[in-house]
Asks: 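Take this structure first; my questions come after.
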Protein chains: 2
Amino acid sequence: MTTTAPHPLLVTGDDRRVADRFTRSALTTDGRLLPTARFESWLAERAGMNRFAVHRVPFQDLDGWRFAEDTGNLVHSSGRFFSVEGLEVATDFGRVPRWTQPIINQPEIGIVGILVKEFDGILHCLMQAKMEPGNVNTLQLSPTVQATRSNYTRVHKGSAIPYLEHFVAPRTGQVLVDALQSEQGAWFLHKRNRNMVVQTDEDIEVRDDFCWLTIGQIHELLRVDNLVNMDSRTVLSCMPFGRPDGPARTVAGDDPFRAALVESVGGQRGALHTDAEVLSWFVEAKSRYAHQRRRIPLRELEGWRAGPDAISHEDGKYFQIVGVQVEASSREVSSWTQPLVAPVGHGISAFLTRRIDGVLHVLAQARAEAGTLDVVELAPTVHCLPGNYRDVPREHRPAFLDQVLSADRSRIRYEVVQSEEGGRFYHAQNRYQIIEADDLPLAVPPDYRWVTVAQLMGLLRLSNYLNVEARSLVACLQTLW
Amino acid sequence: MTTTAPHPLLVTGDDRRVADRFTRSALTTDGRLLPTARFESWLAERAGMNRFAVHRVPFQDLDGWRFAEDTGNLVHSSGRFFSVEGLEVATDFGRVPRWTQPIINQPEIGIVGILVKEFDGILHCLMQAKMEPGNVNTLQLSPTVQATRSNYTRVHKGSAIPYLEHFVAPRTGQVLVDALQSEQGAWFLHKRNRNMVVQTDEDIEVRDDFCWLTIGQIHELLRVDNLVNMDSRTVLSCMPFGRPDGPARTVAGDDPFRAALVESVGGQRGALHTDAEVLSWFVEAKSRYAHQRRRIPLRELEGWRAGPDAISHEDGKYFQIVGVQVEASSREVSSWTQPLVAPVGHGISAFLTRRIDGVLHVLAQARAEAGTLDVVELAPTVHCLPGNYRDVPREHRPAFLDQVLSADRSRIRYEVVQSEEGGRFYHAQNRYQIIEADDLPLAVPPDYRWVTVAQLMGLLRLSNYLNVEARSLVACLQTLW
């Protein structure tokens, strides 16, 4: 039995206690179990204990993968995992009314989950040093569990996923976070993962490649390029925090940005728009656009060329489909081949922020992407591969891109290169930036809105509001208290 | 500027004031502008002022509609409005793993909106006596505006939709309700409408066929068969209410059902599951099922037969596709022809309820239907055409159907036959029931959960949680305070 607040889906006393637990862990910037100073050597040791090798291979050397005779789609002989198909997009969002592109079709819902446990009253996260074939640096810090449905129904006949039993029903722990969240809409058709945090009181054996870290420690590691992987970032972004000004740390001090951030996380003080207005803006954006998608055979793509080693766009833009061969001693299966999406160049992903009456707001965009499940999701102020716009007239470039590219160094509060999911993307990196832009107006174009961090946390509690780049940025923003 | 509560998407002071406004109107059971006693004669007068005629016609007499040569789909020559296509469903939800069926494809988002205005401090709703071709009784009470995108982009070249300017941006009123909600998943592929309530302070000219009613008056009318149309019911269901026990009316008295309902609406006392648990249950249900849909040509349906007058299932079950010719003096276009979905027999739609520690809970189902946008939506305890199960062994009939069909009369707190949308469905009626079932256990099958009315109102504030039959039942349940 529980008492609910006088109205729907508000945060109840229970929720506040959960948020306080996360906040306390985030304010604990070092850990007793694996001190941050020892993390680098621990990771190097893990890398040394395992053998990894990834090579690009031509499509004909992919084992178990083939181009289907009727469609040309790149599929696995089991009919499972994922396939690379064609997608036709007809939309009135943005400048291009129609295009075709390759897309990864993986309609199942996987689990990305962090197991947490209190040590000395502080939540610690069970994190994993994990190899993925598309990683630039082989090992990155991953959630406890990263399982496709194929994984946990044992399609690939590998060894069992450790700790998975804490995330699938019937489970013994307390579910603190549980939301369906999308992945890259530019490359995935309707792909989602169930983002979970489960707290356990049981004794947990710490297996090789795993370690316990506080959220504060992970926040420190989020300042290192290509270390905390995308799945970790998205689960972190779903953690609710209370106002981060407990006795554990005096935050903010005389930095008005940090003081405004603390207010924005706390949510007690003014937001420019009510929650109801933010939800209504989002409904309006979904109603505004006709965004139709049709799956087509891969061989019917227009402007794309299939070679022996890659499927590429004839302008050399966007991304390629490539093949890799992998050997790994630490994964469930020790060697395999697979296709990956290889973006052409690095992307940028940025939140412009401003203080409004002492409360930090970020400028969010309602954005339609090729594979977005439901017309639009809430996206960063700017997210693009700048290389795609090298020959595009200035007035046709994405809104606010110039403000991001020309931002004064002193206004950039966060700038770290992070990797996208190495299980599907080859060397996909984005420069994540959080930038002060206090001179921007309150009135913004219809697809944009100034929102507080508390409002973003509210939407993250639900499913499918923030896209994956916005979630990464929220995880990064929470490191700046 | 507004103050948000300490956390996300909770109900702020602003929201509570809006809910109190709705509650006050619901407790006002008669209206000064059109007293309920005069409503029947007003409606009869409206019927007398207009001329309506609807006839079934063979498909070949449909004007502007044709079966496309390549697919056999039933389409309009403009390429707009909607089309009747084929759908293949492959699912592990329910007992039937695969089937094909006709489905209405209308991917655009329409608006169903009620304009409200305070008279003597009480909100009144501007309602319309409106003819729809599929109505059993021609005229029903409709929202202020019921507009497809085709309507408001003027595809059919009719006269402008009255009052539409209050619902499309830029608007002058205050948006009180704004959510995307689905329509019948059994008959529509991904169809949604934007449900809106907008409050105006302007002088409003009351046009022919329109009248101002309090929510309390509409609640009275919801006790009459086939009077308050589906679009009105779904907008009403999205209205948030506070605890209905103000000075305006002493409710509940010594009826424990009503007393428990008041607590359930108020939300201050215990819910069996926290809001977070309800959301997590819903995420789990979406993750549990693989529910794949593929649009196929209408001519590739299996088990369906196309005749000159109807497309029907060979077992005589489910529904038919038929054609009608319409003449109406009060509509934007005075005569037209169109296809409609005609269900075979009447349906039932019921919430079983029980008191848990003095708080009314309803038994909701997470349910996948053919056209559901995102795997499952929250549905009534039971919703079906009983005729579909006439030859099905008892153990394969829907869960809880027997409890509904055999309920003692004294336990049925609400039982009214209501119509589904007459613009797409021909004589589609469901018996809506709210039934006391205090002997049901707290532990229910995985796809079912006991939830409070406050929790349902919370989900209704968001988009796409409750399906249309559940929303109708919520609207009916709110009449029982």
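All chains are named by letter (A, B, ...) in the order of the sequence lines, taking the proteins before the strands, and each is independently numbered beginning at 1.
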Asks: Between B:D374, B:L373, B:V177, B:V278, which shows the greatest number of heavy-atom pairs under 4.5 Å with chain A?
Replies: B:D374
Asks: Please report the interatomic distance CG(A:L462) to OG(B:S463), rounded to the nearest 0.5 Å.
Replies: 10.5 Å
Asks: Side chain, backbone, both or neither: which part of A:R288 has an atom under 4.5 Å from a heavy atom of chain B?
Replies: backbone
Asks: Is it the backbone or the side chain of B:R294 that comes under 4.5 Å from a heavy atom of chain A, or both, or neither?
Replies: neither
Asks: Can you find a pair of side-chain heavy atoms, one from B:L279 and one from A:D178, that are under 4.5 Å apart?
Replies: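 The answer is no, as the side chains (C-beta and beyond) never meet within the 4.5 Å cut-off.
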Asks: Could you look at B:A179 and say if it's the side chain, the backbone, both or neither that has a heavy atom under 4.5 Å from chain A?
Replies: backbone
Asks: Among A:V283, A:V375, A:L460, which has the most heavy-atom pairs under 4.5 Å with chain B?
Replies: A:V283
Asks: Between the side chains of A:D275 and B:R461, is the shortest nitrogen-to-carboxylate-oxygen separation below 4.0 Å, so that they form an ion pair?
Replies: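 Looking at A:D275 together with B:R461, the answer is no, because their closest N to O distance does not fall below 4.0 Å.
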Asks: Does a side-chain heavy-atom distance below 4.5 Å link A:S280 with B:R194?
Replies: yes
Asks: Does any non-hydrogen side-chain atom of A:E284 lie less than 4.5 Å from one of B:V175?
Replies: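 SC-SC contact between B:V175 and A:E284 ruled out.
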Asks: Nearest 0.5 Å, please: how far is CG in A:N464 from NZ in B:K286?
Replies: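 B:K286 NZ to A:N464 CG: 7.0 Å, rounded to 0.5 Å.
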